[in-house]
Structures are given as structure tokens and as C-alpha cells.
Protein chains: 2
Amino acid sequence: MNKMIEYLLQFGSLDSEQIQFISDRGKVTTLVTNEYFSEAGKTPRYVGFILKGIFRTCYYNNKGDDITHDFIDENNFVTDMQKFEAQTAATEYIQAITDCEVIVFTKKDWDDIGKTIIGWDAITGQILRKCVVEILERRNFLVTEDATTRYLSFMKKFPSFINRIPLSYIASYLGMAQPSLSRIRKNIS
Amino acid sequence: MNKMIEYLLQFGSLDSEQIQFISDRGKVTTLVTNEYFSEAGKTPRYVGFILKGIFRTCYYNNKGDDITHDFIDENNFVTDMQKFEAQTAATEYIQAITDCEVIVFTKKDWDDIGKTIIGWDAITGQILRKCVVEILERRNFLVTEDATTRYLSFMKKFPSFINRIPLSYIASYLGMAQPSLSRIRKNIS
DNA sequence: CAGGACATTTAACAAATGCTAAAAAGCGTT
DNA sequence: AACGCTTTTTAGCATTTGTTAAATGTCCTG
């Protein structure tokens, strides 16, 4: 739980009573590889804070291809934010792609924290802003750069992912076919 | 100013005193086509709410190409959020691509609103969440779909942009060369 | 309405990437 | 070590997209 509190304290201050209030509501759970944290068509039940492991968000396009939109790893919140807030059906999957350890909060507990802790909106707002910037940075270059550049940037930003994640996920995240990614890897080395 | 208040009221309630407080701090200004709202290398001075016109965010990649990242139009806030909050130098330009009319807020006034109005964080947090979802929806398909599909989706989502925006901006936004976009337009019709 | 500046289209060729299927490599289990 | 299963690589060919430069179109100004 401490890792999460540390994370939160980067974005605002919390006294020990508030920390206790938050801690009391988080439950540590584990997911095994390939297990879903939330599923398309179902209402997301939890916000999670990742203690260990990597998740991906993904969906099936109209050709039936499995497309990975993003990877999320240790020391980050994971949730289908808007669908969780609105408690409506998600359109994407969130899947554990390694064994994972997560602190989860139910909607009720998350709302209670928001109502109880003055400044909670400011903290989550800041986290959100940081996430937006990161997402844009990560995804903008995917649109404009060629395949080799995209892969090199990915390696640079997520060196630890290369050997922990199936190549097919990386290929679809980078917007290319898997054989193309293989070819690129060969050319680089 | 009313258009902005209406927009805000979608995300939370404000009493007439609060509305007055906000209105007193916004100044209506105009920008002509090609004028910058904020510039790379400079600290953003304003948050804006667009009453009329279209902006784009853009930057120059390492080959010197002018790349458009996004379009923003009427009835939306426009700002380099994180750089504005932190008051540090921006890395992108925000440029008017039509004549524009905008309500602007200085950093000081924006902060004063945040300090004065209870629930402001909650309102801006909601707007932020909505923006994140929209940005992701708009940009995710750019990575995985082919050029024709990307253009068709763009036309569907922004039919009014096609005749108001230079094609070169649209081409770079969609991640393709301008002659490719021309070819696609020909094939479609 | 002529001229100039800028935006868009066209064409031909080059390069990159997609697609398919088969081969190879890796991995866990027995 | 051998087997089955999954992942990754390879190869050849088809298709898409990029690149460059010239031609055409459009709009504004004098």
C-alpha cells in the first residue's frame, strides 16, 4: 500500500488520518497472466494501482484483429476511467499480460474517498493531467514516424517490456503487422 | 461568455455569484488566421475558450516537417494544459487556422477561480476526463487503420473541417503525405 | 481580367509495409 | 531427450504509400 501512498503524495499532501482512510479501502489482489481486469461489454468494477506486473488495454477491430492500445505497468493507476466513473459498459478490455499484483478500489469506496478527503479532486486532477501528457507523447509519434523509428522509440521508452511482452502485442500497438516487426528487428541487429 | 458558462454547467452547478466571478475574469479577444495562441519555447499565457474558429496544435519534427497533432474548434477549451499549469516553456505551437474569437484567462485569474470556487477542481476534472476519452478515440484509429479508412473516419467525425482547413494540415494529422491524401480523395469520388 | 502567390492534383517511379504460408525457435511437460 | 504447443522468423510476392517535380486550380490584388 505504501507504494501507492508515495505515488499520491507526489501530487498533493495527505495527513495520516487521510492516508489511513484511503488504505482501509484498498484491497490487494492478484491476477494471473491473461486474466482480465475489466472487459468490453461489462461495467468496470475497480480502479487499480499496479504494484507488480504489466497490463494492456485492447479491443477487437471490425476485422476481428486483436489490437493493443496501451501498456500500463508498475506504479500506475489502471482503469477505464470514464466507464468506471459513469458505471457504464466498457468498450475495451484491460488484461494482465504478466502475473500482476494490484490494489483495487470499488466504485463506492472510491467515491467515499472523494467525498471525504478535501483536495482529492485536485490530486486526481493532477494525476489525470500527467497521464494525458504521457499518453499524447507516447501515441503522437506512432502516427507520423515510419515503422523502424516507431520500434526504436518503443525500445528506448520501454526497454524492460521487450522481453516480457509477446511481440504480437507490440506489433499491433506500433501499428504494424508482426512479420514487419520481425523484419525490422532483423535489420537493426 | 454565455456559451462558456453553458459549457461549464454541463459538468457541475454554479450559482450566479460564481458565474459572475468567472465572467469578470475572462476577456474576449480575436486572432486572425495563422496567428499563434501559444508558441513552442514560450510559456503559455492563457487558457482559452473558443467562441468561433478552429485552432490546431503542431510542431516541427527533426526533419523540419510541420506536423499537426490536433484540431480544436468552437465550444472547447484550448490550452497547453500542463505547460500552462506549470508555467514552463511549451514544446508545441497552438495556431489559429481560421479567424478566431476566444475568451482568455490569465494564469493568475485562472488560479483565483480555482481558489475561490468550491467544486472547480471537480468541474475541470470532469472536462479533462471527457477530453482524454475524446483524444484517445480520435487518435487510436490513426495508428491501426489504413490511409483510406483514416480519411473516411476523419470526414465522418469532422465533416465541417474538410473545406475550412488546408489539406496539408489534414494529411499530416492523418499521418500521410499530401499527394497520398489527394490520391485517396480521387479514388473515393 | 491579368498576374502572382499559394494550394491541390497528377504522374511515374522508388521504397516500405502487408499478406500468406511455411520453417524455425523457444518452452514446458513428460 | 522427445513431444506438442506457442511464438517468432523467414521468404516471396502483392499492395500501399512515399517522393519528387510538374501541371493545374484557386484566390486575392492591382
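Note that the coordinates shown come from a computational prediction; the quantities given were computed from them, not determined experimentally. Numbers restart at 1 for each chain; the letters A, B, ... are given by sequence-line order, proteins then strands.
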Decide yes or no on salt bridge (Lys or Arg N to Asp or Glu O under 4.0 Å) for A:Asp112 and A:Lys108, but give the supporting numbers first.
CA-CA 6 Å; A:Asp112 286 345; A:Lys108 179 175 183 325; 2.7 Å; yes
Between B:Asp146 (CG) and D:dG18 (C1'), how many Å, whole number?
15 Å
Nearest-Å distance for atom pair CG/C1', residues A:Asn163 and D:dT8
13 Å
Distance check needed: C:dA11 P versus B:Gln178 CD, whole Å only.
16 Å
Roughly how many Å is it from CD1 in A:Ile184 to P in D:dT10, rounded to a whole number?
13 Å
To the nearest angstrom, how far is B:Arg150 atom CZ from D:dT16 atom P?
13 Å
Look at the side-chain N and O atoms of A:Ser180 and state whether any lies under 4.0 Å from the OP1 or OP2 oxygen of C:dT17.
no
Just compare D:dT19, D:dT8, C:dG18 and give me whichever is closest to any side-chain atom of A:Leu167.
D:dT8
Hey, does the Lys NZ or Arg CZ of B:Arg25 hover above the aromatic six-ring of B:Phe21, less than 6.0 Å from the centre and inside 45° of the axis?
yes
Does A:Lys186 put a side-chain nitrogen or oxygen below 4.0 Å from OP1 or OP2 of C:dA24?
no
At less than 4.0 Å, is any side-chain N or O atom of B:Arg185 found next to OP1 or OP2 of C:dT9? Yes or no.
yes
Taking everything shown except A:Glu17 itself, do over 12 heavy atoms lie less than 6.0 Å from its CD?
no
Taking CG from A:Leu174 and P from D:dT8, how many angstroms apart are they, rounded to a whole number?
14 Å
Separation of atom CD1 in A:Ile170 from atom C1' in D:dT8, rounded to whole Å
12 Å
Would you kindly give the CE-to-C1' distance between A:Met176 and D:dT16, to the nearest whole Å?
15 Å
Quick one: sort the B:Tyr173 and B:Phe71 rings into parallel, tilted or perpendicular, breaks at 30° and 60°.
tilted
Side chain of A:Pro179 - closest among D:dT8, D:dA11, C:dT17:
D:dA11
